**Student:** 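Got a structure here, written out as structure tokens. Questions coming.
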2 protein chains.
Amino acid sequence: MGKKASPGRVGIAAVAAAAGVSPATVSRVMNGNYTVDAQIAARVRQVATELNYQPNPLGRSLVLGKTETIGVIVPDLANPTFQAALHGVSRAAAKDGYRVLIADSAETTSEEPILSSEMRRRCDGVILCAPRMSIEQLSGIAESLRPLVLINRPDDVPETPSFSVDYGHGITELAEHVLSLGHRHIAYLAGPARSVSHGVRLASLEKFAAAHPEVELRFLEAGSSFESGHSAVDKVLDAGVTAVLAFNDLVAMGLLSGLHERGVKVPEDISVTGFDDIPFASYTMPPLTSAEVSIDVVGERAWQSMRGLLRKEPAEGPLKHTFEPTLRPRGSTGPAPRG
Amino acid sequence: MGKKASPGRVGIAAVAAAAGVSPATVSRVMNGNYTVDAQIAARVRQVATELNYQPNPLGRSLVLGKTETIGVIVPDLANPTFQAALHGVSRAAAKDGYRVLIADSAETTSEEPILSSEMRRRCDGVILCAPRMSIEQLSGIAESLRPLVLINRPDDVPETPSFSVDYGHGITELAEHVLSLGHRHIAYLAGPARSVSHGVRLASLEKFAAAHPEVELRFLEAGSSFESGHSAVDKVLDAGVTAVLAFNDLVAMGLLSGLHERGVKVPEDISVTGFDDIPFASYTMPPLTSAEVSIDVVGERAWQSMRGLLRKEPAEGPLKHTFEPTLRPRGSTGPAPRG
DNA sequence: CCGGGCGAAGAAATCGTTTTCGGTTGCTGG
DNA sequence: CCAGCAACCGAAAACGATTTCTTCGCCCGG
């Protein structure tokens with residue numbers, strides 16, 4: 001076993017032999033090193049195209065010490081947020097000639113560190129997207145992962161660029177929006193307990209509640225999916241609130257659907273807000289009030305930061321970047337019912 | 001430039017030196033080759049963990065001739081269908097210790113062949129997901145891409161495993177469903193012209209129309225997004241049909257929303273069907289009749305096929321696998337209005 | 001006429017592994 | 001007592017490129 005590539009494989013040596021030059025010369029030609037005679041270069045180029053020679057990336061990588069590849073690690077590839085982030089990174093990296101190796105940690109916190117360093121050894125850098133691992137674990141391996149860029153990780157990791165959506169600010173704006181509409185009994189349909197972005201929302205809402213003693217804010221468990229919103233309808237009705245801040249648009253849409261089945265009118269009886277402003281949000285019935293976050297832009301910016309690190313450009317500006325969601329008031333929120 | 005890895009880098013040589021053995025022995029120990037003295041092996045292992053030595057995958061790959069990585073090429077990472085396929089492949093491959101390198105061709109047909117072979121050189125195999133390139137181009141490069149597996153590519157490429165959803169069968173079932181409900185004036189809201197899966201639907205519907213001269217089947221341009229469905233509402237009303245087969249669930253939901261704004265009742269006035277049975281489909285108002293396709297399962301099966309090729313297992317069974325969507329009749333379709 | 005300098009191309013070292021191939025032990029059976 | 005045979009370990013040759021480092025030839029000035 002371990003039989004090498006088929007003997008017919010065209011390597012640099014084959015080209016060199018066919019062109020009657022040394023491998024070194026072929027390499028120089030392929031890399032646009034102009035210390036080679038124009039005539040010879042032309043012949044080499046022709047032979048190369050004739051044999052359809054393409055330099056083996058592994059050989060190059062080994063000697064060059066770089067793979068032109070970065071790793072992106074997400075907790076769950078099925079989650080639209082991470083898909084969008086991956087999309088943003090991938091598109092931006094491709095523009096600069098980089099590829100992305102992807103890893104889905106499947107939410108297994110314990111495997112993340114291993115997965116990350118495993119990946120780092122194959123790539124020139126790593127982008128961690130909303131890593132679930134603890135801050136201790138993260139700072140423990142951060143050094144060995146560099147160049148490292150974080151997405152949606154609120155913690156501060158020294159010397160590490162971080163790009164994240166300010167979920168706290170967004171949810172606060174939504175809360176203030178319904179507050180300004182006169183609502184005093186508000187519920188938050190919570191996301192998955194492990195989600196950091198849920199934690200951030202929670203903290204901000206508690207601050208909001210403290211600042212507004214006149215409102216009664218209730219926290220109800222839900223999740224991050226359409227189904228969890230749909231099945232939370234009973235809890236919501238029992239809570240007797242007039243406005244619901246859902247963890248995200250999916251949950252809000254599920255709730256909308258459930259309320260509709262119960263004959264509850266939105267926004268006349270209950271106002272509902274989402275989060276993320278996914279494309280469907282404008283087309284629900286009624287259109288969903290939400291907070292727009294363009295996570296793919298975050299991914300794009302994360303790549304640009306990574307590119308800077310790879311080029312060893314001196315870091316400029318702050319390391320920590322936060323993106324403010326923008327409020328999108330629509331038909332699903334209205335004045336609080338008189339009562 | 002070209003400065004090598006920092007001198008502190010622990011390679012197999014460093015471990016060998018520290019343990020007082022040759023690199024060969026270290027390699028044998030790391031690979032579980034038991035022709036090495038237990039005592040020495042133990043010492044090597046200890047030194048390895050002390051130095052935190054991890055074999056460089058590039059070095060291994062170069063000599064082993066394999067990277068334990070496969071490439072997945074999709075036309076558009078923002079498309080939920082391809083995201084799901086990627087997810088399926090990625091999860092399944094990860095279970096077998098393989099990573100996936102991903103490429104988003106951004107729908108640029110011309111770049112696909114270059115992108116694919118570029119990718120192939122870094123990976124042990126390639127999975128092409130709904131490639132937009134022509135069958136000529138595809139069969140032209142297929143040989144150089146092997147091991148190669150196709151997803152959602154209806155053409156027959158010799159010797160190449162192919163996994164695809166039978167969109168034709170699915171749309172026919174939906175058409176027969178509304179036919180059986182008494183509808184005779186039916187519209188198809190077409191998908192993007194370049195989409196192969198749209199082409200398949202179209203062909204099947206024409207066959208359906210030919211087989212049922214009593215129905216009037218109209219083809220209306222739309223697209224693949226929520227918005228395109230929403231903006232197609234006028235066309236649909238003008239067409240004077242009683243049932244609409246939308247390209248996919250997103251389009252159907254957009255249409256649903258548009259019809260609702262116009263005060264058109266579903267399914268009393270118009271029946272609507274989607275395609276894909278995305279999670280929200282059950283929760284629209286009314287719940288959307290659709291055809292369920294589990295594209296992530298397709299991705300998973302595609303990986304299993306790829307794994308077989310990588311292991312050089314003799315191909316068993318047919319190369320071409322089609323997955324039948326299953327009809328999910330729900331509230332958005334009902335008896336044709338009397339008239 | 002000859003040596004210094006320069007430009008171009010080849011030889012060889014390198015990157016970090018694996019693996020073949022020998023060579024050294026130590027042991028056993030004749 | 002020694003041939004033969006394991007068992008085990010190290011030297012060295014891959015893998016496929018890049019990049020020194022050399023060498024060679026040529027031009028030009030002294």
Side-chain angles (χ1 to χ4, degrees), chain A residues 1-45 47-48 51-68 120-124, chain B residues 1-45 47-48 51-68 118 120-122 124:
Chain A
M1 68 194 63
K3 190 68 215 82
K4 307 311 154 55
S6 48
R9 171 89 179 85
V10 294
I12 198 172
V15 179
V21 296
S22 80
T25 302
V26 176
S27 172
R28 281 190 266 257
V29 172
M30 301 304 290
N31 295 13
N33 187 326
Y34 292 112
T35 95
V36 50
D37 184 87
Q39 197 167 337
I40 296 186
R43 189 169 74 238
V44 168
R45 252 186 287 270
V47 170
L51 299 184
N52 190 26
Y53 166 69
Q54 300 291 119
N56 180 326
L58 272 76
R60 300 196 80 228
S61 292
L62 187 57
V63 60
L64 258 11
K66 60 179 176 185
T67 62
E68 311 253 84
R120 174 62 180 86
R121 268 178 281 125
R122 306 185 110 87
C123 301
D124 299 344
Chain B
M1 69 194 61
K3 191 66 216 85
K4 306 309 155 51
S6 48
R9 170 90 178 86
V10 294
I12 198 173
V15 179
V21 296
S22 80
T25 302
V26 177
S27 172
R28 281 189 267 258
V29 172
M30 300 306 288
N31 295 14
N33 186 328
Y34 291 112
T35 124
V36 49
D37 184 87
Q39 196 166 336
I40 295 186
R43 189 171 71 238
V44 168
R45 252 185 288 271
V47 171
L51 298 184
N52 191 28
Y53 167 70
Q54 301 289 120
N56 180 328
L58 272 74
R60 299 196 80 227
S61 292
L62 187 58
V63 61
L64 257 12
K66 59 179 177 185
T67 62
E68 312 254 81
E118 218 278 315
R120 175 60 180 86
R121 270 177 280 126
R122 306 185 111 85
D124 299 344

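In what follows, chains are A, B, ... by sequence order, proteins preceding strands, each numbered from 1. Computed from a prediction, not measured in an experiment: that's the story for all the values here. Note that these values count all heavy atoms, side chains included, but never hydrogens, waters or copies made by symmetry.
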**Student:** Classify the nucleic acid contact of B/Val21 as base, sugar-phosphate or nothing, counting any heavy atom under 4.0 Å across all strands shown.
**Tutor:**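 Sugar-phosphate only.
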
**Student:** Starting the side chain at C-beta, find the nucleotide from C/dA8, D/dT18, C/dT17 nearest to A/Ser27.
**Tutor:** D/dT18

**Student:** Expressed in angstrom and rounded to an integer, what is the separation of A/Met30 atom CE from D/dG16 atom P?
**Tutor:** 16 Å

**Student:** Give a yes or no on whether the backbone of A/Cys123 and the side-chain of A/Arg120 come within a donor-acceptor separation of less than 3.5 Å.
**Tutor:** yes

**Student:** Mind calculating the distance between CZ (B/Arg122) and P (D/dA17) to the nearest angstrom?
**Tutor:**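 These atoms are roughly 13 Å apart.
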
**Student:** Touch check for B/Gln54, heavy atoms < 4.0 angstrom, all strands: base, sugar-phosphate only, or nothing?
**Tutor:** sugar-phosphate

**Student:** Nearest whole angstrom, please: distance from the P of D/dT18 to the CG of B/Leu62.
**Tutor:**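 Roughly 12 Å, once rounded to whole Å.
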
**Student:** State which of C/dT19, D/dC9, C/dA9 makes the closest approach to the side chain of A/Ile40.
**Tutor:** C/dA9

**Student:** For the residue pair B/Lys66 and B/Ser61, establish whether any side-chain heavy-atom pair is separated by less than 4.5 Å.
**Tutor:**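 No, every pair of side-chain atoms sits at 4.5 Å or beyond.
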
**Student:** When you measure from the side chain of A/Asn33 to the backbone of A/Thr35, do you find a donor-acceptor pair of N or O atoms at a distance under 3.5 Å?
**Tutor:** yes

**Student:** To the nearest Å, give me how far apart CG (A/Leu58) and P (C/dT17) are.
**Tutor:**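 After rounding, the gap between these two atoms is 14 Å.
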
**Student:** Starting at atom CG of B/Leu64, determine the distance to atom P of D/dG16, rounded to an integer number of angstrom.
**Tutor:**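 Rounding to the nearest Å, CG of B/Leu64 and P of D/dG16 are 13 Å apart.
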
**Student:** Categorize B/Thr25 for me: base, sugar-phosphate, or nothing, with a 4.0 angstrom heavy-atom threshold over every strand shown.
**Tutor:** sugar-phosphate

**Student:** Rounding to an integer number of Å, can you tell me how far B/Asn33 CG sits from D/dG10 P?
**Tutor:**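 Between P of D/dG10 and CG of B/Asn33: 14 Å.
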
**Student:** So which nucleotide from C/dA8, C/dG16, C/dT17 ends up closest to the side chain of A/Asp37?
**Tutor:**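 Closest nucleotide among those given: C/dA8.
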
**Student:** Taking the nucleotide of DNA chain D with the nearest heavy atom to each, does B/Val36 or A/Asn31 sit closer to the 5' end?
**Tutor:**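 Between the two, 5'-proximity favours B/Val36.
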
**Student:** Can you identify which nucleotide, out of C/dA12, C/dG16, C/dA8, has its nearest atom closest to the A/Ala24 side chain?
**Tutor:** C/dA12

**Student:** Output the rounded distance in Å from CG (A/Asn56) to C1' (D/dG16).
**Tutor:**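 It works out to 6 Å between those atoms.
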
**Student:** Which of the following nucleotides, C/dG16, D/dA11, D/dT18, is nearest to the side chain of A/Ile12?
**Tutor:** D/dT18

**Student:** Judged by atom type as modelled, is there a donor-acceptor pair below 3.5 Å linking the side chain of A/Asp124 to the main-chain atoms of A/Glu68?
**Tutor:** yes

**Student:** Kindly say whether, by distance alone, the side chain of B/Arg28 makes a donor-acceptor pair under 3.5 Å with the base of D/dG10?
**Tutor:**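 Result: at least one qualifying N/O pair found.
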
**Student:** To the nearest 0.5 Å, tell me how far B/Thr67 OG1 sits from B/Leu58 CG.
**Tutor:** 10.0 Å

**Student:** Taking only the side-chain heavy atoms of B/Thr35 (C-beta and beyond), determine which of D/dA17, D/dT18, D/dC8 contains the nearest atom.
**Tutor:**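 Side chain of B/Thr35 sits closest to D/dC8.
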
**Student:** Nearest whole Å is fine: how far is C/dG16 P from A/Arg60 CZ?
**Tutor:** 17 Å

